[in-house]
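Have a look at the structure below, then the notes.
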Amino acid sequence: MKESMKKLITLSVPIKAFASMIFAGIMVLYMVSGVAYNVITGEALEYAIPFAFVVQVALLSTIISVLWNVFTGDTVIKNRRFAKRLIMFTLSLLPVLALCFFTFLAIPAGWTMPWFISVLAVSVFVVILAILSEIYFKKTGERYTEALNKYKQKQISKNA
């Protein structure tokens, strides 16, 4: 029993911490995008956050955190490049975001446009993260390959 609790805690703590960071980030991004939307369009935005939005962001943060740990962690999917795992994560998240989108369309409110701006900003961030990680991993791989080739040449010349 103790081992199963230890495993549960080991798995749940990173998910909880990441979900908390995502929740806080989405709330801050929502407020910033609300101000930007207000400045750009001139429409008055009520800065009170509806309860339905808070619940949806909490659920979304938890789902994102679980999917992130499944696809980018090393416990479930191994031996795949980070960009491929990030693409799988994004594709698995699309139905969840579509559900959020249709929920917002069913409940018309003035707070939906800043939410769409926030989701767009997060999507752009994921794409930029994938591109930068691929460039970084490619450069790192090239350096390791170069060092390995130098080592092999040194070993060949030493043995000859």
Side-chain angles (χ1 to χ4, degrees), residues 4-142 144:
S4 62
M5 285 301 287
K6 193 180 246 185
K7 284 182 181 180
L8 180 65
I9 290 172
T10 303
L11 289 174
S12 66
V13 168
I15 290 172
K16 181 185 70 135
F18 192 56
S20 300
M21 288 186 283
I22 292 169
F23 181 83
I26 289 175
M27 287 300 186
V28 169
L29 188 58
Y30 171 76
M31 294 308 290
V32 169
S33 62
V35 171
Y37 180 73
N38 186 14
V39 169
I40 291 170
T41 64
E43 291 182 29
L45 178 72
E46 186 173 329
Y47 290 100
I49 299 175
F51 180 72
F53 178 76
V54 174
V55 170
Q56 193 170 41
V57 170
L59 289 172
L60 186 61
S61 299
T62 305
I63 292 169
I64 289 171
S65 181
V66 168
L67 290 175
W68 182 264
N69 280 304
V70 166
F71 287 107
T72 63
D74 291 332
T75 55
V76 179
I77 298 176
K78 300 175 183 177
N79 303 326
R80 297 265 179 153
R81 296 179 77 149
F82 182 74
K84 288 182 182 178
R85 292 190 286 172
L86 193 59
I87 290 169
M88 289 188 302
F89 162 74
T90 305
L91 291 176
S92 70
L93 191 60
L94 285 177
V96 176
L97 292 176
L99 183 63
C100 289
F101 176 76
F102 290 122
T103 302
F104 281 139
L105 287 180
I107 307 169
W111 50 275
T112 56
M113 188 51 77
W115 172 243
F116 291 138
I117 294 168
S118 301
V119 169
L120 180 64
V122 169
S123 301
V124 168
F125 175 73
V126 167
V127 169
I128 290 171
L129 179 65
I131 291 170
L132 291 177
S133 67
E134 273 302 301
I135 291 170
Y136 172 75
F137 289 133
K138 186 174 182 175
K139 293 289 183 189
T140 303
E142 288 172 357
Y144 285 131

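Along the sequence shown, the residues carry numbers beginning at 1. Since the structure is predicted, the reported quantities are computational estimates derived from the model, not experimental observations.
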Residues which pass ring pair (Phe, Tyr, Trp, His ring centres under 6.0 Å) with Phe23, listed by chain and number, not counting sequence neighbours: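 Counting only residues at least two positions away or on another chain, Phe23 forms no ring pair (Phe, Tyr, Trp, His ring centres under 6.0 Å).
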
To the closest 0.5 Å, what do you measure between NZ (Lys16) and OG (Ser20)?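 Atom-to-atom, Lys16:NZ and Ser20:OG are 6.5 Å apart.
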
Distance from Leu29 atom CG to Ile22 atom CD1, nearest 0.5 Å?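 Those atoms lie 12.5 Å apart.
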
Closest heavy-atom pair and its distance - Ser92, Pro95: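 For Ser92 versus Pro95, the nearest heavy atoms are O-CD, 3.4 Å.
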
Are the side chain of Ser65 and the backbone of Ser61 linked by a donor-acceptor contact shorter than 3.5 Å?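 No; zero donor-acceptor contacts below 3.5 Å.
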
Going by side chain to side chain contact (heavy atoms under 4.5 Å, CB included), name the residues that satisfy it together with Val13, two or more places apart in sequence or in a different chain.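 With neighbours one apart ignored, the set is Ile9.
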
Not counting sequence neighbours, which residues clear side chain to side chain contact (heavy atoms under 4.5 Å, CB included) with Leu93? List them please.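 Here the qualifying residues are Ile64, Leu67, Phe89, Val96, Leu97.
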
